[in-house]
Protein chains: 2
Amino acid sequence: MDAWLPLAALMTKLPAALDAQLRRDAGISHFEYFVLAMLSEAAEHTHRMSALAERTSSSLSRLSHVVKRLEQRGWVRRAPCPADGRYTNAILTDAGWEKVVATAPGHVDIVRRLVIDALTEEQIGQLRDIGRSIVDRVTPALTAMAASTGQVIDSESEPDPVL
Amino acid sequence: MDAWLPLAALMTKLPAALDAQLRRDAGISHFEYFVLAMLSEAAEHTHRMSALAERTSSSLSRLSHVVKRLEQRGWVRRAPCPADGRYTNAILTDAGWEKVVATAPGHVDIVRRLVIDALTEEQIGQLRDIGRSIVDRVTPALTAMAASTGQVIDSESEPDPVL
DNA sequence: AGCCAAGACTTGAAGCTTCAAGTCATTGAA
DNA sequence: TTCAATGACTTGAAGCTTCAAGTCTTGGCT
């Protein structure tokens, strides 16, 4: 409880703060920014939708809706993958690149102020390790739960550490 | 970046995992559970709406909508505060109490498995301190941003550490 | 060749959150 | 006393996410 309550508070408040800054200063949500940022780092400013969903930890459905909105705003365009027509590529436009360049400094600044500056050098290292450990547990659990909708966890007979 | 990326991943995936477990096993969202849990810990199983919003880190509007749904499901009821008619009390019903009692073990179990068991004793202590430090920074920043909608952060002329 | 199964999205509807107004009770000033 | 002003919600609409189907392409089987 001692450690869980602060973490629970963190998980609700920090995303809210990041969202508020981006919405106020750039008119986009944190998730929209994150999608643009991931595309800006990709080779050719291009990503398959499924790979982008993976990188942004989102469902394909959510990503599809968001990319449609970003497309309407002129920051992204979509094209079927020339090599394999089953895939769709999301491509950052020039306007999209400029949006990222204009928006990134303010975002980086608030992350630094709210997270990095709140901690000592030592704590930053601890946070990295703790974050990785938890994410490594959560990721397979999330996959397992998506696969077993409607079932109840049986912690007695199921020694699998995943859940 | 080293520490930020794991934290960003944590903030999207851990809430998703908790939500999935509660939705699957109890048919409620994590936020709905949290509201019921806070009420179950309160004296008389009662809280003013504004105090409950504070404790759950949510807006009054969001809480109002959620409590309405919980009321429709019979787990909560609302009554104006006898002492001061401006306030509204949210009160956990007997059925609501039973819902919490039935739901808590599964939720506690998954938090333990995903968070606590992923860490050493030492890391749990570190996480508590890190979480508190960040939340202490984020909370006033969030308040400040709510108050200054539409304005741009000026990091040069504004030495205030809040943002 | 023809078909079917699998994978990769896309879409429409339903549910939840946010935003902007609106309502109601109480306090304080004229 | 009367009447803003404040504070505490509540509500309806708009926007975003999730869920369940539906579409389209490719690879493999016959």
Side-chain angles (χ1 to χ4, degrees), chain A residues 12-13 15-24 27-35 47-73 76-91 142 145-147 149-150, chain B residues 12-13 15-24 27-35 47-73 76-91 142 145-147 149-150:
Chain A
T12 56
K13 290 187 174 182
L18 301 181
D19 232 66
Q21 183 270 327
L22 282 168
R23 232 174 245 295
R24 190 185 61 176
I28 59 179
S29 70
H30 181 246
F31 184 66
E32 288 173 324
Y33 170 77
F34 201 62
V35 169
H47 247 316
R48 286 182 179 170
M49 290 292 283
S50 43
L52 192 53
E54 176 92 11
R55 270 181 87 72
T56 58
S57 306
S58 85
S59 68
L60 212 38
S61 172
R62 179 186 186 185
L63 183 65
S64 181
H65 284 295
V66 167
V67 168
K68 185 198 294 179
R69 294 194 294 265
L70 293 175
E71 200 170 21
Q72 287 165 353
R73 299 228 244 167
V76 172
R77 63 191 180 80
R78 278 185 285 195
C81 178
D84 186 334
R86 283 172 297 188
Y87 295 92
T88 301
N89 282 327
I91 307 157
L142 213 44
M145 284 198 287
T149 308
Chain B
T12 56
K13 290 187 174 182
L18 300 182
D19 233 64
Q21 182 269 325
L22 281 167
R23 234 173 245 294
R24 190 184 61 175
I28 59 178
S29 71
H30 181 246
F31 183 66
E32 289 174 323
Y33 170 77
F34 202 62
V35 169
H47 248 315
R48 285 182 180 170
M49 290 293 283
S50 43
L52 193 52
E54 175 92 11
R55 271 181 85 74
T56 58
S57 305
S58 85
S59 69
L60 213 38
S61 172
R62 179 185 186 188
L63 183 65
S64 181
H65 284 296
V66 168
V67 167
K68 186 200 292 181
R69 295 194 294 266
L70 293 174
E71 200 170 22
Q72 287 165 354
R73 300 228 244 167
V76 172
R77 66 191 179 80
R78 279 186 283 196
C81 178
D84 187 334
R86 282 174 298 188
Y87 295 93
T88 301
N89 282 326
I91 307 158
L142 212 44
M145 284 198 286
T149 308

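The sequence lines fix the lettering, A, B, ..., with proteins before strands; numbering per chain opens at 1.
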*Can you check the B:R69 CZ to C:dG15 C1' distance for me, whole Å?*
7 Å

_Straight-line distance of A:L52 CG to A:L63 CG, nearest 0.5 Å_ = 5.0 Å

*asked:* What contact category does B:R48 fall into here, base, sugar-phosphate, or nothing, at under 4.0 angstrom with non-hydrogen atoms?
replied: nothing

*Calculate the interatomic distance between B:R78 atom CZ and D:dA8 atom C1'; express it in whole Å.*
13 Å

_Atom pair distance, as rounded to whole Å: CD in B:E54 and P in D:dG7_ = 15 Å

*Rounded off to whole Å, could you give me the OH-to-P distance for the A:Y87 and D:dT25 pair?*
15 Å

*Taking atom P of C:dT10 as reference, at what distance in whole Å does atom CG of A:L52 sit?*
11 Å

Contact list (N/O, under 3.5 angstrom) for nucleotides 24-26 of chain C vs protein:
| from | atom 1 | to | atom 2 | distance (Å) |
| --- | --- | --- | --- | --- |
| C:dT26 | OP1 | B:G85 | N | 3.2 |
| C:dT26 | O4' | B:R86 | NE | 3.4 |
| C:dT26 | O3' | B:R86 | NH2 | 3.3 |

*Grab the CZ-C1' distance between B:F31 and D:dT17 for me, whole Å please.*
17 Å

*To the nearest 0.5 Å, what is the distance between CG (B:N89) and NE2 (B:H47)?*
10.0 Å

*asked:* If I take atom CZ from residue A:F34 and atom CG from residue A:L18, how far apart are they, to the nearest 0.5 angstrom?
replied: 11.0 Å

*Starting at CD of A:E54, measure out to CG of A:L60 and round the result to the nearest 0.5 Å.*
11.0 Å

*Tell me what A:S64 touches on the nucleic acid: a base, only sugar-phosphate, or nothing, going by heavy atoms under 4.0 Å.*
base

*Starting from C1' on D:dT17, measure out to CD on A:E32 and report it in whole angstrom.*
12 Å

*A:S61 (side chain) and D:dC19 (base): donor-acceptor pair under 3.5 Å*: yes

*Measuring from A:R48:CZ to A:T88:OG1, what's the distance to the nearest 0.5 Å?*
10.0 Å

*Partners passing salt bridge (charged side-chain N to carboxylate O under 4.0 Å, His left out) against B:R73 (at least two apart in sequence or in another chain)*: B:E32

*Answer with base, sugar-phosphate or nothing: what part of the nucleic acid does A:S50 contact at a heavy-atom distance below 4.0 Å?*
sugar-phosphate

*Whole-Å distance between C:dC16 C1' and A:R62 CZ?*
13 Å

_Donor-acceptor pair (no angle test) under 3.5 Å: B:H65 side chain, D:dG12 base_ = yes

*asked:* Can you confirm whether more than 12 heavy atoms, excluding those of A:R77, are under 6.0 Å from its CZ atom?
replied: no

*Which residue lies toward the 5' end of DNA chain C, A:R23 or A:A51, if each is placed at its nearest nucleotide?*
A:A51

